[in-house]
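Both counts, for ligands and for their atoms, begin at 1 and track the order of listing. Just so we're clear, the structure is a prediction, and the values are computed from it rather than from any experiment.
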Amino acid sequence: MDIYDIIIIGTGAGGGTLLHKLKDSGKKILVLERGGFLPREKENWSSIEVFQKERYHTNEVWKTTGNRDLHPGTGYWVGGNTKVYGAALFRLREKDFEILEHAGGISPEWPVKYKEFEPYYAEAEKLYCVHGKMGLDPTEPFRSSEYNFPPVSHEPRIQELHDGLMGKGLHPFFMPVGIKLNEADPLNSECIRCNTCDGFPCLIHAKSDADINCVRPSLASPNVTLLTEAKVERLITTANGKEIDFIEVTHKEESLKFRASIIVVACGAINSAALLLKSASEQYPNGLANGSGQVGRNFMKHLSAAMLGISSKANPTKFQKTLAVNDYYFGESDFSYPMGHVQLLGKSDKDQVSPDAPFFTPGKMLSEMASHSIDWWFTGEDLPDPDNRVTVLNGQIHLEYKENNTDGFRRLIHVWKKILGELDTGHALVPHAIYLSKDIPLAGVAHQVGTARFGRDPKTSVLDTNCKTHEIENLYVVDGSFFPSIGAVNPSLTIMANALRVGDHLTALIK
Ligand SMILES: Cc1cc2nc3c(=O)[nH]c(=O)nc-3n(C[C@H](O)[C@H](O)[C@H](O)COP(=O)(O)OP(=O)(O)OC[C@H]3O[C@@H](n4cnc5c(N)ncnc54)[C@H](O)[C@@H]3O)c2cc1C
Ligand code: SF4
């Protein structure tokens, strides 16, 4: 059996970033990734292939309530879901780390506060080349420094929208986004500012994803070994149950075993919980590290809605993901509870619009709709509920989820429709289910977090504050699983910042 110092399972926002942090540690690191490298092909930028045919999603079938099939909108690749993400890289707000009262209940406190995350947020922003401008977002948390890269400018239609929103007393700000765009020198810019970014892989590798920014640069270190198409099946403990002894892996068709002093699970919140549960043994009949009974529970994914704002004005914008609004994040004058976050989506084309339109809509009309739409994405905070959970039944992932805390979120969408209507009387906001276009909305698990939350009390949490499992000495979970609450902004920068934080802990530990 091959023996390593550290094994990292999964190469997404969590695993990929941790690898980058540890690559120069001199320790022997094995990275196991169930997917391969996402191919570079023209289809990367085809709406039909990416959205209608779901070329880069897994064919795996999960189950949900009533034993119904669930076709998850997720992919297994080196870089994980960051291969297709919109690269909107936000920090949570300071208050998101505290107890926060919502209309639908309480969002719990984090055991580690924003102040401790702040330097790691700054490090993650630099690593992922985040462009932005501080001081514009009214809910922005404290920052020790300006962004390293200037904000991505608005194209004329979005600038017009920005000015209109400002005129209404709102505070639109530049979206913090991780792309390698140099607007001062377009000829030499890696990013060409195209219209196929949000939800697509980047054909020319100019998006800051975990594969390009973290995994590939780490492979230059002689002490790092990456095994792709290597699915970890089970973690096996030593006889006393205190440590992981070895792990069982299916590499292509072959069964392999590996051993390491430290094992880091970073399979994404749903698959990490599933792996711990699948590793149940006589000693741990309810799954590994599950003395609290919390593994798989408190699954969160955001309340989310995509909308097309169809206006009488044409919108020739190419790269649209440049503007966001947080004026309603914590509520409004006559509603003192959080409502959520508003941001622009990538610009949709007729092939993205068509699955949502009635089947008889002519192609020309679809093109007209797409060329006049501004595309919005709303996120609200869903609260941790122990009954929203991942289980594994007969080896298959089963996901239960019931929405909660919807009042503020519904109010946000209502307010936004009104604002857009006032800005442009020809405006109509219609649902646009591009991210939710599977059989049921639950399939949109893009923002999955919470299934192994961190905390100080082993009775109520799975991980300690360093993301080590309370029960197993050499087992860590470093992906979206650790979130005690989700906030209302996109989760990846927090996953990356946390991976860097845990990386510092591990570096000190293994010296
Ligand atoms: C279309 C889309 C758009 C998004 N846009 C944004 C955005 O703009 N901003 C943002 O912040 N977030 C966005 N997200 C969410 C973002 O991608 C996730 O938050 C992030 O990737 C989660 O990181 P993770 O490390 O938890 O999991 P992942 O990135 O999913 O990584 C998990 C890795 O583990 C591997 N793996 C799983 N099981 C096993 C196993 N048993 N053995 C070996 N390997 C395994 C997977 O293949 C994968 O590589 C988006 C997601 C999608 C799908
Ligand atoms: S906008 Fe830039 S980073 Fe995004 S897909 Fe296009 S070239 Fe790649």
Glu33 side-chain N/O to Gly35 backbone N/O, donor-acceptor pair under 3.5 Å: yes
Non-hydrogen atom of Ala230 closer than 4.0 Å to ligand 1: yes
4.0 Å heavy-atom contact, Leu32 with ligand 1: yes
Contacting atoms of ligand 1, where contact means under 4.0 angstrom from a heavy atom of Gly10: 33 (C), 34 (O), 35 (C)
Residue part near ligand 1, for Asn271, under 4.0 Å between non-hydrogen atoms: side chain
Option among Ile8, Leu18, Asp5 that satisfies the side chain to side chain contact (heavy atoms under 4.5 Å, CB included) test with Ile29: Ile8
Atom 5 (S) of ligand 2 [closest protein heavy-atom partner, distance rounded to 0.1 Å]: Thr196 O, 3.4 Å
Electrostatic pair Lys63-Asp69, nearest N-O below 4.0 angstrom: yes
Ligand-side contact atoms (ligand 1) for residue partner Trp77, heavy atom cut-off under 4.0 Å: 47 (O), 49 (O)
Under 3.5 Å donor-acceptor, Thr82 side chain and Tyr85 backbone: no
Salt-bridge criterion met for Glu155 and Lys347 (N-O under 4.0 Å): no
Ala87, portion touching ligand 1 at heavy-atom distance under 4.0 Å: backbone
Heavy-atom nearest neighbour of atom 3 (C) of ligand 1 within options Tyr85, Tyr128, Trp377: Tyr85
Salt bridge (Lys or Arg N to Asp or Glu O under 4.0 Å) evaluation trace for Lys42 with Glu49: CA-CA 10 Å; Lys42 280 168 83 172; Glu49 288 295 330; over 6 Å; no
Closest non-hydrogen atom pair between Thr451 and Ala269, with its separation: OG1-O, 2.7 Å
Contact check: Tyr76 vs ligand 1, nitrogen or oxygen atoms, below 3.5 angstrom: no
Under 3.5 Å donor-acceptor, Glu183 side chain and Ser153 backbone: yes
Residues Asn188, Asp185; criterion side-chain hydrogen bond (donor to acceptor under 3.5 Å, both in side chains); working and verdict: CA-CA 6 Å; Asn188 290 305; Asp185 185 6; 3.0 Å; yes
Proximity to ligand 1 by part of Glu233, non-hydrogen separation under 4.0 Å: neither
Side-chain donor-acceptor pair present, Thr64, Tyr401, cut-off under 3.5 Å: no
Per-atom contacts of ligand 1 with Gly80, taking only distances under 4.0 Å to non-hydrogen atoms: 29 (O), 31 (O), 48 (C), 49 (O)
Numbered atoms and elements of ligand 1 in range of Thr11, under 4.0 angstrom, heavy atoms: 33 (C), 49 (O)
Side-chain donor-acceptor pair present, His154, Thr322, cut-off under 3.5 Å: yes
Options Leu227, Asn81, Ile495, Asn498, ranked by nearest heavy atom to atom 22 (C) of ligand 1, top entry: Ile495
N/O separation below 3.5 Å, Gly73 to ligand 1: no
Steps toward side-chain hydrogen bond (donor to acceptor under 3.5 Å, both in side chains) verdict (Asp504, Tyr120): CA-CA 10 Å; Asp504 265 352; Tyr120 297 108; 2.7 Å; yes
Between Lys231 and Asn271: side-chain donor-acceptor atoms closer than 3.5 Å: no
Atom indices of ligand 1 within 4.0 angstrom of Ser492 heavy atoms, with elements: 10 (C), 11 (O), 12 (N), 13 (C), 15 (C), 16 (C), 18 (C), 19 (O), 20 (C)
Any donor-acceptor N/O pair, Tyr56 side chain to Gly199 backbone, under 3.5 Å: no
For Gly14, atoms of ligand 1 separated by under 4.0 Å from a heavy atom: 25 (O)
Under the side-chain hydrogen bond (donor to acceptor under 3.5 Å, both in side chains) test, residues paired with Asp137 that sit two or more places apart: Arg93, Thr139, Asn326
Selection from Met175, Glu33, Lys321 by shortest heavy-atom distance to atom 47 (O) of ligand 1: Glu33
Parallel, tilted or perpendicular: ring planes of Phe454 versus Trp110, cut at 30 and 60 degrees: perpendicular
Side-chain donor-acceptor contact under 3.5 Å, Gln448 with Asn81: no
Asn466 side-chain N/O to Arg501 backbone N/O, donor-acceptor pair under 3.5 Å: no
N or O contact, Arg34 vs ligand 1, cut-off under 3.5 Å: yes
Residue and atom, protein N/O/S, under 2.8 Å of atom 2 (Fe) of ligand 2: Cys191 SG
Contacting atoms of ligand 1, where contact means under 4.0 angstrom from a heavy atom of Lys231: 41 (N), 42 (N)
Ligand 1 N/O within reach of Gly480 N/O, cut-off under 3.5 Å: yes
Short N or O distance, Ala269 and ligand 1, threshold 3.5 Å exclusive: no
Numbered atoms and elements of ligand 1 in range of Ala266, under 4.0 angstrom, heavy atoms: 32 (C), 33 (C), 34 (O)
Nitrogen or oxygen of Leu89 less than 3.5 angstrom from that of ligand 1: no
Sub-3.5 Å N/O-N/O distance, Asp198 and ligand 1: no
Within-cut-off N or O pair, Val478 and ligand 1, under 3.5 Å: no
